[in-house]
Amino acid sequence: MNTTYREAIRSALSEALESDDRVFLMGEDVGRYGGCFAVSLGLLEQFGPDRIRDAPLSESAFVGAGVGAAMAGMRPIVEIMTVNFSLLALDQIMNNAATLLHMSGGQCAVPLVLRIPTGGGRQVAAQHSHSLDGWFAHIPGLRVVTPATLEDARGMLATALADPDPVLIFEHASLYPMSGSLDDDAGPVDLDRAAVRRHGTDVSLITYGGTLPMTVEAATTLQDDGIDAEVIDLRTLRPLDEATVLESVSRTHRAVIVDEGWRSGSISAEVSARIIEGAFYELDAPVARVCSAEVPMPYAHQLEQAALPSADRVVAAAREVVGAHG
Amino acid sequence: MNTTYREAIRSALSEALESDDRVFLMGEDVGRYGGCFAVSLGLLEQFGPDRIRDAPLSESAFVGAGVGAAMAGMRPIVEIMTVNFSLLALDQIMNNAATLLHMSGGQCAVPLVLRIPTGGGRQVAAQHSHSLDGWFAHIPGLRVVTPATLEDARGMLATALADPDPVLIFEHASLYPMSGSLDDDAGPVDLDRAAVRRHGTDVSLITYGGTLPMTVEAATTLQDDGIDAEVIDLRTLRPLDEATVLESVSRTHRAVIVDEGWRSGSISAEVSARIIEGAFYELDAPVARVCSAEVPMPYAHQLEQAALPSADRVVAAAREVVGAHG
Amino acid sequence: MTTTVDTTRALDRERGLALLRQMTLIRRFEEKCVQLYSAGTIRGFVHLYIGEEAVAAGAMRALTPDDAVVSTYREHGHALARGIPTRAVMAEMFGKVEGCSGGRGGSMHLFDVGSRFYGGNAIVAGGLPLALGLALADDMRGRDAVTACFFGDGAVAEGEFHETLNLAALWRLPVLFLCENNLYAMGTAIERAQSQTDVALRASSYEMPAWSVDGMDVLAVEDATRAAAEAVRAGGGPHFLELRTYRFRAHSLYDPDRYRTKDEIRQWMQRDPLPAFVERMRAAGSLTDADVTAIEDEVAAEITDAVDYAQSGHEEPVTSLTRWVYSDAGAGT
Amino acid sequence: MTTTVDTTRALDRERGLALLRQMTLIRRFEEKCVQLYSAGTIRGFVHLYIGEEAVAAGAMRALTPDDAVVSTYREHGHALARGIPTRAVMAEMFGKVEGCSGGRGGSMHLFDVGSRFYGGNAIVAGGLPLALGLALADDMRGRDAVTACFFGDGAVAEGEFHETLNLAALWRLPVLFLCENNLYAMGTAIERAQSQTDVALRASSYEMPAWSVDGMDVLAVEDATRAAAEAVRAGGGPHFLELRTYRFRAHSLYDPDRYRTKDEIRQWMQRDPLPAFVERMRAAGSLTDADVTAIEDEVAAEITDAVDYAQSGHEEPVTSLTRWVYSDAGAGT
Ligand SMILES: Cc1ncc(C[n+]2csc(CCOP(=O)(O)OP(=O)(O)O)c2C)c(N)n1
Ligand SMILES: Cc1ncc(C[n+]2csc(CCOP(=O)(O)OP(=O)(O)O)c2C)c(N)n1
Ligand SMILES: [Mg+2]
Ligand SMILES: [Mg+2]
């Protein structure tokens with residue numbers, strides 16, 4: 001079946017709504033408008049306004065309502081229109097969703113799924129281009145996943161809904177139009193393991209979400225240099241699948257982390273620290289990072305492009321790491 | 001002069017209010033109540049209700065008002081009663097305070113100071129014990145400082161007020177009663193450099209804020225083992241003074257980072273990554289981290305203590321790092 | 001608007017005794033907590049409800065077991081009145097495994113999902129969106145339940161108050177908002193916090209029925225809550241009660257209480273809901289001295305028992321520290 | 001409440017021509033932007049103001065240079081009416097150094113601190129607290145300024161709306177709230193977003209004077225704004241105007257506009273503020289065909305000039321990418 005990332009999510013939503021009447025979708029403009037990125041287009045007609053529930057501009061209240069509904073046995077899918085607006089709901093996410101199970105001594109599980117479009121690259125400037133996926137991964141009690149392929153776009157939602165705890169699904173907006181073929185019977189996927197998207201022996205390129213395509217592209221370019229790069233898609237930023245990363249680095253002895261987050265305090269730092277803690281003696285070169293520049297995203301095209309990671313920057317970093325002496 | 005951390009901050013506030021009529025203090029219960037931690041006690045009587053301005057429970061609005069007032073030429077000091085409530089103001093902090101200068105092309109500077117009590121250890125449980133200082137350090141456009149000594153409690157405020165950009169001052173609540181002597185003419189201190197609080201040659205213990213006292217204590221204990229530990233107080237979490245850290249680690253060849261933040265994605269990860277990037281070939285052992293357990297803070301005393309870093313855990317980590325082969 | 005609810009409903013002896021017992025239990029429980037706090041047995045933040053007992057006792061009696069409750073950090077009274085065993089509440093204050101939140105919550109986070117008590121929440125106004133969601137779920141599942149949501153006058157200034165009231169009214173959800181207006185948010189008097197100090201009037205601007213009730217009168221509280229809850233249950237959409245009350249003690253056991261006059265406190269203490277209610281029952285001939293003694297004795301015994309229970313409870317071993325971060329204890333970081 | 005403001009004020013020719021020219025400039029500017037967007041010259045999110053020009057043109061004329069303005073992402077009209085040079089606005093749309101935000105802001109973030117235009121803000125309701133702070137600063141410094149704060153009907157549901165209105169009223173700050181009610185927040189009609197759809201009534205619940213004004217009538221807008229701004233300036237505390245208007249185009253240039261009927265749009269377009277005003281001036285004998293032609297010609301020339309200017313402007317070199325993250329370009333990370 002030929003499909004797109006957007007359609008894969010839509011069909012996952014549709015299937016979830018069909019198969020479990022505790023599931024509903026709530027958020028700004030998910031219904032009448034069809035979703036800010038047209039992901040939920042048509043679902044209102046299919047499932048009605050109770051289950052495809054348009055919410056007013058009240059991020060804190062409707063995210064919190066998702067938490068409450070989850071506690072009471074529903075399986076809400078709450079869409080925050082884009083991650084930029086999640087800051088208005090952070091109290092509900094950190095102080096309630098992530099915390100209730102623990103502070104109630106195990107009584108209040110919160111099987112909530114938050115869908116959050118994320119990322120830059122569309123010239124929408126400083127208040128609409130955040131990449132905070134990794135930043136959210138700091139919060140205990142949450143699971144944070146970042147589908148970067150059609151399979152994961154199709155399969156992560158069902159697994160997230162089956163999870164008894166809150167799961168944040170970050171969908172990089174640049175991936176929505178990505179097309180390709182998907183098995184007709186594609187279904188739930190695990191949320192526990194990182195995936196090796198390309199096998200290689202010389203360097204591990206570790207990434208997730210929106211930067212996976214450019215990282216794969218960089219690996220292809222490196223091949224021409226005779227550098228055989230492995231590409232790891234973290235898939236889940238919390239909990240991190242450290243084992244897969246360490247296993248890879250222990251074979252390649254070199255690592256480059258590619259992360260659209262602002263560099264300081266990004267998840268790339270955590271991955272780097274874990275590599276040091278778990279594979280220090282295997283490393284032949286310092287771990288390198290290719291991240292976003294530490295700047296609120298500028299509007300101008302050339303500046304935005306310079307701020308974001310790119311295949312070229314990944315290639316350059318990998319070359320440097322491979323060139324480094326052990 | 002004998003004083004406390006609390007009094008040192010109060011006298012810094014008082015001096016700032018006296019010397020610059022653009023300065024005012026705004027926040028919940030800073031006036032009539034005297035400040036949740038009694039930091040601003042007496043200032044209302046001295047400076048009146050306009051300049052010691054009690055705000056209702058409206059974190060987003062009064063933090064945003066601080067941003068607006070700063071743009072219009074005032075020098076507001078806004079207190080967020082504790083960091084736990086800063087989540088309600090994150091939109092104003094990230095999308096406005098940190099971003100306005102850049103997205104206006106340099107026109108809208110925001111000379112705002114946010115004072116934010118932080119940290120755990122007082123059995124106030126999951127919604128009142130956050131250590132998010134390092135998490136905020138992810139945000140470009142902010143400066144994040146963490147006074148851990150009387151000198152810094154006394155001196156950082158004036159420097160922060162002189163800064164043309166937003167500065168977040170995290171005051172660890174456990175430090176307020178800390179007493180000691182302070183020079184009568186103690187004044188502004190730089191916000192750029194980390195400080196070596198104890199010189200040593202065998203291992204660098206790197207910390208900030210509330211965990212400085214236990215780290216110094218650990219260093220003393222290690223001395224008895226014949227381990228001569230250097231203690232670095234980062235002081236400023238953004239921008240990080242990488243140079244001081246790298247210089248130290250290049251001498252000691254070993255590092256332990258002590259951080260009250262939840263481990264994954266904490267500032268300790270960033271410090272570790274920077275060490276790898278800047279001093280990889282100097283390291284004789286993996287960089288170790290002593291952080292908070294990844295758990296919303298439990299109320300029960302023994303659980304909370306187990307969750308937090310402790311001198312014992314620092315000592316154990318340092319011993320292991322020093323014992324490791326190079 | 002002030003209440004138009006009928007409070008002349010027969011003050012039958014049984015009802016009166018139950019309410020008096022409930023208020024007495026809350027009062028004595030908290031007095032014991034103060035002692036235990038001084039002794040260092042109870043720690044953290046402790047917010048006393050003393051003076052406000054008529055609200056919890058009255059309101060909770062008007063709810064059914066199917067109803068849900070969302071509360072604040074000042075919730076000992078709510079928890080006890082909802083029927084969480086005194087033992088379990090006290091054990092929680094001690095941080096013991098036997099506590100109603102397994103010792104992880106403490107004073108500010110009492111939970112009992114069995115009685116649909118969805119917890120003490122220590123972020124001011126943070127519980128309101130949860131109440132919205134509980135009500136939404138009940139509504140979608142066709143359950144005949146009301147979600148009672150307690151919060152203070154201070155919460156009214158928060159953005160979450162506004163967002164939640166609007167959504168509840170817009171979606172006509174079965175929420176009963178119960179605003180305990182004790183005139184202060186920590187040291188900030190309501191007239192220094194809100195441009196509109198008539199809280200019920202503010203609530204009614206969301207197009208939801210809202211009344212003010214004398215929160216020192218336990219019968220008035222019960223009757224008003226019953227009327228409002230019935231209206232909600234009958235499909236009338238959210239309702240709002242402002243319960244006018246006062247806390248006799250400081251904000252928390254940390255607070256030196258510098259912002260109120262002794263005189264103001266004294267005046268309000270004249271309206272202490274306990275003696276007032278005793279007086280009223282006596283006047284109605286439904287209460288004897290022996291009744292009072294019996295209640296006090298029973299309550300004292302219950303509290304002693306609870307303290308013993310808590311004392312002999314277990315401290316959770318630190319090896320299970322990271323339990324309950326995820327439901328599946330296996331989930332790591 | 002609806003406006004009681006006197007709109008019979010003499011429609012003198014000079015005033016009329018200025019308002020017409022202003023509205024025409026905004027309209028033609030945006031029509032040009034649509035072309036440039038199709039051509040890929042302008043990128044990102046672009047939110048058109050077409051249909052709402054009477055609000056910006058009327059309101060801005062009632063402000064003084066000392067007043068401050070806070071705006072939204074739908075702010076081309078506000079920026080031009082405030083007097084930011086058309087060249088600088090167009091260059092910003094192109095992302096050029098010559099733009100009013102140096103090319104860093106784009107369509108949603110037009111700034112000009114020189115005219116106290118504190119920017120387009122793209123977080124709905126995110127500008128309201130800023131307005132509060134600007135007004136607080138002016139108040140504390142004894143400046144005789146009003147802060148005019150624009151936002152849409154959608155913002156009314158946000159918590160920040162509530163917090164800000166309460167604080168402005170409580171502290172009696174000189175803020176003039178200008179709610180552009182175009183009946184939709186993206187695809188969500190106001191009656192699907194708010195339990196109380198009378199926005200002025202909602203605002204008045206904060207104890208601040210609030211009127212509704214026909215936002216398609218440029219004179220009514222100017223007069224109402226002037227009256228309100230004068231009341232604020234006279235120390236009357238914050239005031240609120242609801243400006244009833246409609247956007248003729250989709251929410252943004254990304255929006256397929258599926259949520260409104262063609263009929264509804266057509267009906268509102270009958271009330272297009274430009275032809276309506278031309279008609280009115282003609283009827284009053286203050287406008288000739290030659291005037292209209294002259295204005296259109298002037299405006300066309302101004303826009304052509306602005307496009308040329310923008311086109312020949314400079315792209316900032318990527319070497320200065322991290323400029324303006326901190327005031328001191330030296331501050332690192
Ligand atoms: C969001 C938030 N801000 C600040 C606080 C600190 N705080 C705790 S209780 C309180 C006052 C709340 O007053 P009110 O809502 O009237 O309830 P009361 O304590 O009077 O019962 C404050 C400011 C908090 N817990 N949460
Ligand atoms: C906090 C926040 N949530 C969501 C959005 C996405 N968004 C942008 S404009 C808009 C609608 C706003 O409607 P309104 O306030 O009526 O202004 P209008 O666009 O009609 O001028 C939405 C939902 C946003 N920018 N900010
Ligand atoms: Mg109160
Ligand atoms: Mg609108």
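Proteins come first, then strands; the chains are lettered A, B, ... in the order of their sequence lines, and each starts at number 1. Computed from a predicted structure; not experimentally measured.
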Peer 1: Considering non-hydrogen atoms only, spot the tightest contact between B:D50 and D:M140 and give its length.
Peer 2: O-CE, 3.5 Å

Peer 1: Flag the pair B:M103 / D:H109 as yes when at least one side-chain heavy-atom distance between them is below 4.5 Å, and no otherwise.
Peer 2: yes

Peer 1: Over all heavy atoms of both residues, which pair between B:P56 and D:W171 is shortest? Give the atoms and the distance, please.
Peer 2: CD-CZ2, 4.3 Å

Peer 1: At their closest point, which heavy atom of D:L132 faces which heavy atom of B:A65, and how far apart are they?
Peer 2: CD2-CB, 3.9 Å

Peer 1: Kindly indicate whether the side chain of D:E158, heavy atoms from C-beta on, has any atom under 4.5 Å from the side chain of B:D91.
Peer 2: no

Peer 1: Using non-hydrogen atoms and a limit below 4.5 Å, what part of residues 122-130 of chain D faces chain B?
Peer 2: D:I123, D:G126, D:P129, D:L130

Peer 1: What residue in D:V70, D:L110, D:D112 has the most heavy-atom pairs under 4.5 Å with chain B?
Peer 2: D:D112

Peer 1: Please determine, among D:G99, D:G103, D:S101, D:C100, the option with the most heavy-atom pairs under 4.5 Å with chain B.
Peer 2: D:S101

Peer 1: I'd like to know whether D:D328 forms a salt bridge (Lys or Arg N to Asp or Glu O under 4.0 Å) with B:R143, so could you lay out the CA-CA distance, the side-chain angles of the two residues, the decisive distance to 0.1 Å, and finally the verdict.
Peer 2: CA-CA 12 Å; D:D328 163 12; B:R143 183 184 281 274; over 6 Å; no

Peer 1: By a 4.5 Å heavy-atom criterion (distance strictly below it), what part of D:L170 contacts chain B: side chain, backbone, both, or neither?
Peer 2: side chain

Peer 1: Would you say the side-chain atoms of B:D165 pair up with the backbone N or O of D:Y326, donor to acceptor, closer than 3.5 Å?
Peer 2: no

Peer 1: Does the side chain of B:L100 reach to within under 4.5 Å of the side chain of D:F111, using non-hydrogen atoms?
Peer 2: yes

Peer 1: Could you look at B:A55 and say if it's the side chain, the backbone, both or neither that has a heavy atom under 4.5 Å from chain D?
Peer 2: both

Peer 1: Please give me the minimum heavy-atom distance between D:L134 and B:A72, naming the atom from each residue.
Peer 2: CD2-CB, 3.7 Å

Peer 1: Using the ring pair (Phe, Tyr, Trp, His ring centres under 6.0 Å) rule, collect all pairs that involve residues 71-109 of chain B, keeping only residues at least two apart or in two chains.
Peer 2: B:F85-B:H128

Peer 1: Check step by step if side-chain hydrogen bond (donor to acceptor under 3.5 Å, both in side chains) holds for D:N121 and B:N95.
Peer 2: CA-CA 9 Å; D:N121 204 301; B:N95 282 325; over 6 Å; no

Peer 1: Considering only residues two or more places apart or on different chains, which pairs with a residue in residues 70-83 of chain B satisfy side-chain hydrogen bond (donor to acceptor under 3.5 Å, both in side chains)?
Peer 2: B:E79-B:R115, B:T82-B:N84

Peer 1: Among B:S104, B:A137, B:P111, which has the most heavy-atom pairs under 4.5 Å with chain D?
Peer 2: B:S104

Peer 1: Tell me, out of B:L57, B:N96, B:D192, who's got the most heavy-atom pairs with chain D below 4.5 Å.
Peer 2: B:N96

Peer 1: Which bit of B:L142 is near chain D, if near means a heavy-atom gap under 4.5 Å: side chain, backbone, both or neither?
Peer 2: backbone

Peer 1: Quick check on B:D21 against chain D: is it the side chain, the backbone, both or neither that has a heavy atom closer than 4.5 Å?
Peer 2: both

Peer 1: Looking at B:G105, B:P164, B:A70, which makes the most heavy-atom pairs under 4.5 Å with chain D?
Peer 2: B:G105

Peer 1: Search all heavy atoms of B:C108 against all heavy atoms of D:V113 and return the closest pair with its distance.
Peer 2: SG-CG2, 3.5 Å

Peer 1: Please set out all donor-acceptor pairs under 3.5 angstrom arising from side-chain atoms of residues 159-168 of chain D, sequence neighbours excluded.
Peer 2:
from, atom 1, to, atom 2, distance (Å)
D:E160, OE2, B:S60, OG, 2.4
D:E160, OE2, B:Q92, NE2, 3.1
D:H162, ND1, D:Y206, OH, 2.7
D:H162, NE2, C:V156, O, 2.6
D:E163, OE1, B:S60, N, 3.4
D:E163, OE1, B:A61, N, 2.9
D:E163, OE2, C:G159, N, 2.7
D:T164, OG1, D:E160, O, 2.7
D:N166, OD1, C:S195, N, 2.8
D:N166, OD1, C:S195, OG, 3.3
D:N166, ND2, C:A193, O, 3.0

Peer 1: Could you walk me through whether D:L136 and B:R53 pass the side-chain contact (heavy atoms from CB on, under 4.5 Å) check?
Peer 2: CA-CA 11 Å; D:L136 176 61; B:R53 186 174 284 265; 3.5 Å; yes

